[in-house]
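Next up is a structure, given as structure tokens.
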Amino acid sequence: MSLRRAFLLAALLGGAVPAAAQTAPGAAAQIEVPVLVRDVAKGELLSASDFAIEPRPASQARGALEIESAAGKEALRQLRAGSIVRSGDLIKPQLVRRGEPVSITVRSGGLTITAQGRALSGGAKGELIRVVNTTTNRTLDGIVEKTGSVRIAAN
């Protein structure tokens, strides 16, 4: 069990703080938390190698994401090296971005119709977004299937 988890478990259960997490009297309690080892630009995907474990005051460590939870997610804004990553800093990877061209697909039984369009909003796999068919100028709601591809539900 990680030191951070042991500390949180002890705090939740009202037990004693593990000796490794205790500090000298008058000093702030230190917890081992994941921090970024490099600057991360907005829209960049994070990986486990982007993190290192460092001691930080318990008050700063509140809300820190575990490395496994942050890896594979996309930065919502620029993140600085040495910062603690929280859930509000990351989003699911965006497969479609606002303003980008997309392939719009409608499937009904064995029939498949494909048209070109433009995304009016961005989204991750499985998310509902708005697109406009560039041929008809009609606005549609569709589900992101893969990079640059949106599926419209047939009625």
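We count residues from 1, following the sequence as given. Quick caveat, the model's predicted, so the values are computed rather than measured.
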Practice task
Identify whether the distance between the nearest side-chain nitrogen and carboxylate oxygen of Arg107 and Glu145 falls below 4.0 Å.
Solution key: yes
Problem - N/O donor-acceptor pair under 3.5 Å between Glu127 side chain and Ala124 backbone - result: yes
Completion exercise
Residues at least two apart in sequence or cross-chain that pass side chain to side chain donor-acceptor pair (under 3.5 Å) with Arg138, listed by chain then number, are none
Fill in the blank from the handout: In short, Ala61 meets Val33 closest at the heavy-atom pair CB-CG1, 3.3 Å
Practice task
Determine whether Leu140 and Ile129 fall in the same hydrophobic cluster, where Ile, Leu, Val, Met, Phe, Trp and Tyr are linked whenever their side-chain heavy atoms lie under 4.5 Å apart.
Solution key: yes
Exercise for the section: Evaluate the side-chain proximity of Leu90 to Val85: yes if any heavy-atom separation is below 4.5 Å, no if none is. Expected result: yes
Residues 39-46 side chain polar contacts: donor-acceptor under 3.5 Å, at least two apart:
unit_1: Asp39; atom_1: OD1; unit_2: Ala81; atom_2: N; d: 2.8
unit_1: Asp39; atom_1: OD2; unit_2: Arg80; atom_2: NH1; d: 3.4
unit_1: Glu44; atom_1: OE1; unit_2: Ala41; atom_2: N; d: 3.0
unit_1: Glu44; atom_1: OE2; unit_2: Arg38; atom_2: NH1; d: 2.8
unit_1: Glu44; atom_1: OE2; unit_2: Arg38; atom_2: NH2; d: 2.8

Handout entry: Residue pair Arg56 / Ile31, side-chain heavy-atom distance below 4.5 Å
Key = no
Practice task
Could you tell me whether the side chain of Ser103 reaches within less than 4.5 Å of the side chain of Thr114, counting heavy atoms only?
Solution key: yes
Practice task
Could you grab the distance from atom CG of Leu65 to atom CZ of Phe51, nearest 0.5 Å is fine?
Solution key: 7.5 Å
Problem - Closest heavy-atom pair and its distance - Gly72, Pro93 - result: O-CG, 3.1 Å
Fill in the blank from the handout: Those residues at least two apart in sequence (or on a different chain) that pass salt bridge (charged side-chain N to carboxylate O under 4.0 Å, His left out) with Arg77 are Asp89
Show me the donor-acceptor pairs within less than 3.5 Å that the side chains of residues 115-122 make with the rest of the protein, sequence neighbours left out.
unit_1: Ser121; atom_1: OG; unit_2: Arg130; atom_2: N; d: 3.4

Fill in the blank from the handout: dist Asp141:CG -> Ile152:CD1 (nearest 0.5 Å) comes out at 7.5 Å
Handout entry: Minimum side-chain heavy-atom gap Val37-Val35 below 4.5 Å
Key = no
Exercise for the section: Under 4.5 Å between side-chain heavy atoms, chaining through other members, with only Ile, Leu, Val, Met, Phe, Trp and Tyr counted: pull out the rest of the cluster around Leu76, sorted by chain and number. Expected result: Ile91
Fill in the blank from the handout: Residue pairs passing the side chain to side chain donor-acceptor pair (under 3.5 Å) test with at least one member in residues 91-102, sequence neighbours excluded, are Glu74-Arg97
Exercise for the section: Consider only side-chain heavy atoms of I, L, V, M, F, W and Y, link residues closer than 4.5 Å, and tell whether Val96 and Ile143 are in one cluster. Expected result: no
Practice task
Taking the side chain as every heavy atom from C-beta outward, state whether Ile113 and Thr105 have any atom pair closer than 4.5 Å.
Solution key: no
Problem - hydrophobic_cluster_shared for Val106 and Val132, side chain cutoff 4.5 Å - result: no
